[in-house]
Amino acid sequence: MASESAIATDPRLSDSALRSLVDGLVLIDHNGRVAFWNPRAEELLGWKTDEMRGQTVSEMLDRIARRANAPAVTRAHLAAAFLPEAAATTIDIDLLPVANHGNRVAQVHVFPLCDPAAGQLGTGVLVRDITRERESDAMKSQLLSTVSHELRTPLASIKGFATTLLRQDVKWDEATERDFLRIIEEETDRLAEIIDNLLDMSQIEAGALRINKEPTQLRKLIREAVDEMRMRTESHYFVVDLPAELPRVLIDPRRIRQVLHNLVGNAIKYSKGGQITVTCEVENDHRGDLGHVVVSVADQGEGIPPQYLDRVFERFFQVDGAATRKVGGSGLGLSISRGIVQAHGGKVWVESTVGQGSTFRFTLPLASNEANE
Ligand code: ADP
């Protein structure tokens with residue numbers, strides 16, 4: 001019992017809790033001076049405890065404002081929160097980049113520190129890093145606008161052709177009717193594809209992508225995938241160069257086929273014509289590991305400017321949004337492909353020269369012999 005009361009009254013406990021808080025915490029005493037400034041506040045606001053202790057509220061607000069993107073507005077908002085009769089207030093501040101952090105958004109909550117007997121003892125300031133939440137909000141709005149735009153385009157086309165076919169005052173010949181119906185069918189497929197992509201992407205983001213691995217003949221899989229895509233173009237010719245001996249790999253064939261469809265589909269979309277080369281090589285690891293296979297898809301198309309080589313794998317990223325939408329893209333294919341390849345323990349990257357073409361490559365780890373059997 002004695003030890004319990006010792007714990008309850010040990011001030012070091014609460015002090016250490018306040019220091020190790022995941023949020024920044026600042027305490028202002030009844031004289032209006034900074035009495036406490038925890039390490040997280042140092043990190044988020046860029047001022048050291050030693051520099052801040054004993055400072056007046058006014059000096060503190062000046063210093064915080066200096067770290068903000070919009071110092072004058074931030075200073076004014078904060079000052080209002082510190083007026084004597086102000087209730088608890090929350091202010092979002094866009095912070096300038098400091099040290100090894102980029103732009104961050106801090107949510108500052110200013111609240112009176114009251115004691116039932118003694119009244120107001122001072123003021124507390126809690127500083128939360130809400131950068132992630134902001135990014136996720138921005139992503140959600142982008143998702144909504146992309147989804148509505150992407151779904152609207154095929155929908156408008158389906159509606160238009162269906163309405164045309166239903167018109168009673170016009171008689172279409174059979175060939176035209178079939179053309180219209182074919183467009184409706186293609187646009188319906190596109191709608192389904194967009195919805196599938198969105199579902200895949202949300203599974204990848206949640207880390208819940210299901211991969212059903214089985215020993216697979218990569219040779220057969222690549223040939224089939226390329227043959228399926230070959231039918232989608234008349235202006236390209238395909239070269240498939242695979243080694244005579246390809247070990248079996250332990251993969252989810254449906255998912256890897258999806259990656260191949262995406263890469264070959266892009267090679268078709270982003271080149272006016274020419275050769276599309278699909279190759280596969282086995283690379284043995286020097287460290288005694290089993291090694292991996294490298295699959296490459298090369299086109300002779302428009303290429304990708306160097307500054308975008310990594311970005312094309314980000315979701316929704318398109319080098320030229322307007323042009324890409326014309327060829328029916330939503331900016332999700334490569335991010336899904338990367339998610340699938342990574343879920344297999346591989347990696348994916350691109351090499352490209354503007355005006356000459358791009359080569360996308362991905363690796364898949366080789367399965368051990370036991371796994372093969
Ligand atoms: P999209 O549905 O827009 O094709 P992806 O995620 O598959 O989405 O590709 C993202 C972007 O990367 C494309 O919009 C395009 O700008 C660029 N890109 C992808 N593949 C190629 C390629 N083979 N050649 C040139 N640009 C490409």
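Counting starts at 1 for both ligands and their atoms, in listed order. What you are looking at is a predicted structure, and each value in this text was computed from that prediction instead of being measured.
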Are Ile211 and Val259 in one and the same hydrophobic cluster, where Ile, Leu, Val, Met, Phe, Trp and Tyr link if side-chain heavy atoms are under 4.5 Å apart? yes
Ligand 1 to Lys269, heavy atom cutoff 4.0 Å, flagged ligand atoms 1 (P), 2 (O), 4 (O)
Exercise for review: Answer yes or no for Arg53 and Trp37: cation-pi contact, defined as NZ/CZ to six-membered ring centre under 6.0 Å and angle to ring axis within 45°.
Suggested key: no
### Query
Counting heavy atoms not belonging to Asp310, are there more than 12 under 6.0 Å from its CG?
no
### Query
Under 3.5 Å, N or O to N or O, is Ser335 touching ligand 1 that way?
no
Within the 4.0 Å heavy-atom cut-off, what Leu263 brings close to ligand 1 is neither
So the atoms of ligand 1 within less than 4.0 Å of a heavy atom of Val312 turn out to be 10 (C), 12 (O), 17 (C)
Logged contact type for Ile304 with ligand 1, heavy-atom cut-off 4.0 Å, is side chain
Decide if atom NE2 of His344 counts as having more than 12 heavy atoms of other residues, nucleotides or ligands within a radius under 6.0 Å.
yes
Here the atoms of ligand 1 under 4.0 Å from any heavy atom belonging to Gly303 are 25 (C)
Answer yes or no for Arg315: is there a heavy-atom contact with ligand 1 below 4.0 Å? no
Practice task
Would you kindly confirm whether Phe82 and Leu25 end up in one hydrophobic cluster when ILVMFWY residues are joined by side chain heavy atoms under 4.5 Å apart?
Solution key: no
Worksheet item: Going through the checks in order, is the side-chain hydrogen bond (donor to acceptor under 3.5 Å, both in side chains) test met by Glu214 and Thr216?
Response: CA-CA 6 Å; Glu214 51 187 78; Thr216 307; 4.9 Å; no
Here the atoms of ligand 1 under 4.0 Å from any heavy atom belonging to Asn262 are 7 (O)
message = Is the ring pair Tyr308/Phe317 parallel, tilted or perpendicular, if the boundaries are 30 and 60 degrees?
response = tilted
Note: Leu332, heavy atoms under 4.0 Å from ligand 1, region reported as backbone
> So is Phe313 in contact with ligand 1, going by heavy-atom distances below 4.0 Å?
Replying inline: no
Any heavy atom of Phe317 under 4.0 Å from ligand 1? The part involved is backbone
Using a 3.5 Å distance criterion without hydrogens, assess whether the side chain of Thr164 forms a donor-acceptor pair with backbone atoms of Ala162. no
Answer yes or no: does atom CZ of Arg315 have more than 12 heavy-atom neighbours from other residues, nucleotides or ligands under 6.0 Å? no
Are any of the N or O atoms of Leu334 closer than 3.5 Å to those of ligand 1? yes
query: Taking distance alone, with no angle check, do Asp299 and ligand 1 share an N/O pair under 3.5 Å?
result: yes
inquiry  = Taking only non-hydrogen atoms of Gly301, do any sit less than 4.0 angstrom from ligand 1?
reply    = no
Here the atoms of ligand 1 under 4.0 Å from any heavy atom belonging to Gly331 are 1 (P), 2 (O), 3 (O), 6 (O), 8 (O)
| query | More than 12 heavy atoms of other residues, nucleotides or ligands under 6.0 Å from CD of Gln307: is that the case? | reply | yes
Quick note on ligand 1: atoms under 4.0 Å from a heavy atom of Ser358 include exactly 24 (N), 25 (C)
Decide, yes or no, whether a salt bridge links Arg12 with Asp15 under the criterion of side-chain N to carboxylate O below 4.0 Å.
-> no
If we number the atoms of ligand 1 from 1 as shown, the ones under 4.0 Å from a heavy atom of Val319 are 16 (O)
